[in-house]
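Notes follow the structure.
Quick note: numbers below take in every heavy atom, side chains included, and nothing from hydrogens, waters or symmetry partners. Residue numbers start from 1 in every chain, and the chains themselves are labelled A, B, ... in the order their sequence lines are given, proteins ahead of strands.
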Protein chains: 2
Amino acid sequence: MSRQRTARKPSISSDKSSKTRRPGGLRKISANGRGTIRESNEVRLLQAAETVFAERGFSGATTAEIAARAKLPKANLHYYFRTKAELYRAVLANVLELWLDELDRFTPEREPAEAIAEYVAAKLKWSRMRPNASKVFANEILHGAPFMKSYLSNDLRRRVEDKAEVIRHWIARGKMRPLDPKHFVFQLWAVTQHYADFDVQVRAVLGRGRLTDRDFAAATENISALILHGCLTPSGSR
Amino acid sequence: MSRQRTARKPSISSDKSSKTRRPGGLRKISANGRGTIRESNEVRLLQAAETVFAERGFSGATTAEIAARAKLPKANLHYYFRTKAELYRAVLANVLELWLDELDRFTPEREPAEAIAEYVAAKLKWSRMRPNASKVFANEILHGAPFMKSYLSNDLRRRVEDKAEVIRHWIARGKMRPLDPKHFVFQLWAVTQHYADFDVQVRAVLGRGRLTDRDFAAATENISALILHGCLTPSGSR
DNA sequence: CGACGATCTGACCAAATGGTCAAGTTCTGT
DNA sequence: ACAGAACTTGACCATTTGGTCAGATCGTCG
């Protein structure tokens, strides 16, 4: 296990020829109303992979387990995704698509109170609906982002840079306390991902077999309240 | 680093016969002024293991790499720790000793503002000094705490239960806003561990090769300010 | 219907890895 | 100095695992 040693910089989708695979062949929309066999199998593999990678990490996951979960023979998995790393990259790319995102609610025209509350709610909703996506992402970063480094220091960095500007604007307008915008973003990330990534701990402390809707509602409210009280000025709260 | 020899509460150390190891033998304080060979080798292995487990996770870590990092032959590693799992448990026990802890600053008599600020500072200090400890812990929980489940739902749960009581007391005294104590603790954990666990991401966004003292100082200040403004009432802030 | 590419899959294989062992070497107490 | 325990280590080994392959089978289109 634990290959990957070789430096990996490519921004994840070093996925050449996503349409044409193994023995080469073109994507056909074909008869079947809802996509090709390839499509459906790839989706099944990606879903299975997301779960297994979330549970076991990259090295701990075995292609055999992923294949089993997708109910396909292992050789078939390798037909669609040449290597475990390629499959992992595909999962990661999917996950990013989800994550990129919600921060876009931060625009200068909006009220910070509103934008932030929405962001927290949206992130927690994802944490509830796609906890595995969150875990795969967390695991990747936790181990030094061997597959994602370049994404972090390009895409993500720029995006945060942008949003920091918006936050500075809000501060200048007297709507937010004079905090460091980037650190503020880190804090938003931290609290919103905690419930997905460390759910075992949360559940243990709360004494729940699984987190309920009420738990997530409570989490959302508590986080929103804490963060909003923490970062808004009196004039910003309205 | 004390080993787990001395009674350790966390269940983790399912380590029977801690004094006598492999071929059996008693611990001797002996001539050597500063501990036995065993002690020093165990420490070296534990340190090496902490690093490797943090970087690669449990499955990704190899006993060969750990041994190499400790500059001992692999067979020697297995002389001191029969299995990789046993070594891992020992590392985890060490880490817990660090973590358990800082929450004890929360006592009814103290001012919440003070206790919380201290807690944040202390946690961030650990995040800076022992990032690997934090990562090993995070990784363990991220993957469902296979080695720690019982610790979470016993020791940890009780501890949080206690501290929640303290927080409720503070709230009743009108010093803190009426928030959910447990969720508040989660939020404290989340923001303080973020800088250790996701340092790659933080560094990428901040554009740093490594986090400096100033970065940690900024993080500490920002977190403290956010949390304190977020949870204290006017009278709590005095 | 026949051709041809896409898909499927059991059987394999080489490398990696956790763990063992037996034959030393070093310590320690007496 | 000596016995016996503690420690060291190169050589091994069984298993696991990512990945390959060649020979089916299936689907589609002219």
(request) Side-chain contact test, heavy atoms from C-beta onward, threshold under 4.5 Å: evaluate it for R44(A) versus Y80(A) and give yes or no. (result) no

(message) Quick check: on DNA chain C, is the nucleotide nearest F58(B) upstream (toward 5') of the one nearest N41(A), or the reverse? Name the residue that is more 5'.
(response) N41(A)

(request) Would you mind telling me which of dG18(D), dG19(C), dT7(C) lies closest to the side-chain atoms of T62(A)? (result) dG18(D)

(message) Nearest to the T63(B) side chain among dG18(C), dG19(D), dT8(D), which nucleotide is it?
(response) dG18(C)

(request) Counting heavy atoms from C-beta on, name the nucleotide in dT8(D), dG19(D), dT7(C) closest to the side chain of Y79(A). (result) dT7(C)

(request) Among dG10(C), dT9(D), dT7(C), find the nucleotide with the atom closest to the side chain of P73(A). (result) dG10(C)

(message) I want to check something: taking the side chain as every heavy atom from C-beta on, are F137(B) and M148(B) in contact at a cut-off of under 4.5 Å?
(response) yes

(request) Specify the separation, in whole Å, of atom CG of N76(B) and atom P of dT25(C). (result) 16 Å

(message) Distance check needed: dC21(D) C1' versus R82(A) CZ, whole Å only.
(response) 15 Å

(message) Nearest whole Å is fine: how far is dT17(C) P from L77(B) CG?
(response) 14 Å

(request) Could you state the atom-to-atom distance from CZ of F81(B) to P of dG18(C) in whole Å? (result) 15 Å

(request) Would you please name every residue forming a side-chain contact (heavy atoms from CB on, under 4.5 Å) with T63(B), sequence neighbours left out? (result) K74(B), L77(B), H78(B), K84(B)

(request) Measure the distance from CD on E65(A) to P on dG18(D) and round it to the nearest whole Å. (result) 10 Å

(request) May I ask you to say what A61(A) touches in the nucleic acid, namely base, sugar-phosphate or nothing, with a heavy-atom cut-off under 4.0 Å? (result) sugar-phosphate

(request) Grab the CD1-C1' distance between I37(A) and dT25(D) for me, whole Å please. (result) 11 Å

(request) Mind checking side-chain contact (heavy atoms from CB on, under 4.5 Å) for A190(A) and listing every partner two or more places apart, or none if nothing turns up? (result) A190(B), V191(B), H194(B)

Using a 3.5 Å cut-off and no angle test, enumerate the donor-acceptor pairs between side-chain atoms of residues 157-164 of chain A and protein atoms at least two apart in sequence or in another chain.
unit_1, atom_1, unit_2, atom_2, d
E161(A), OE2, K182(A), NZ, 2.9
K163(A), NZ, F106(A), O, 3.1

(message) Nearest whole Å is fine: how far is dA22(C) P from H78(B) NE2?
(response) 17 Å

(message) Tell me every residue that passes side-chain contact (heavy atoms from CB on, under 4.5 Å) with A49(B), counting only those two or more places apart in sequence or in another chain.
(response) F53(B), I66(B), L87(B), V91(B)

Using atom names, set out every protein N or O paired with an N or O of nucleotides 11-13 of chain C below 3.5 Å, distance rounded to 0.1 Å.
none

(message) Holding to side-chain contact (heavy atoms from CB on, under 4.5 Å), I want the full list of residues that pass it with S134(A), two or more places apart in sequence or in another chain.
(response) W99(A), Q193(A), A196(A), D197(A)

(message) Counting only side-chain heavy atoms from C-beta out, which of dT17(C), dG19(D), dC7(D) sits nearest to R38(B)?
(response) dC7(D)

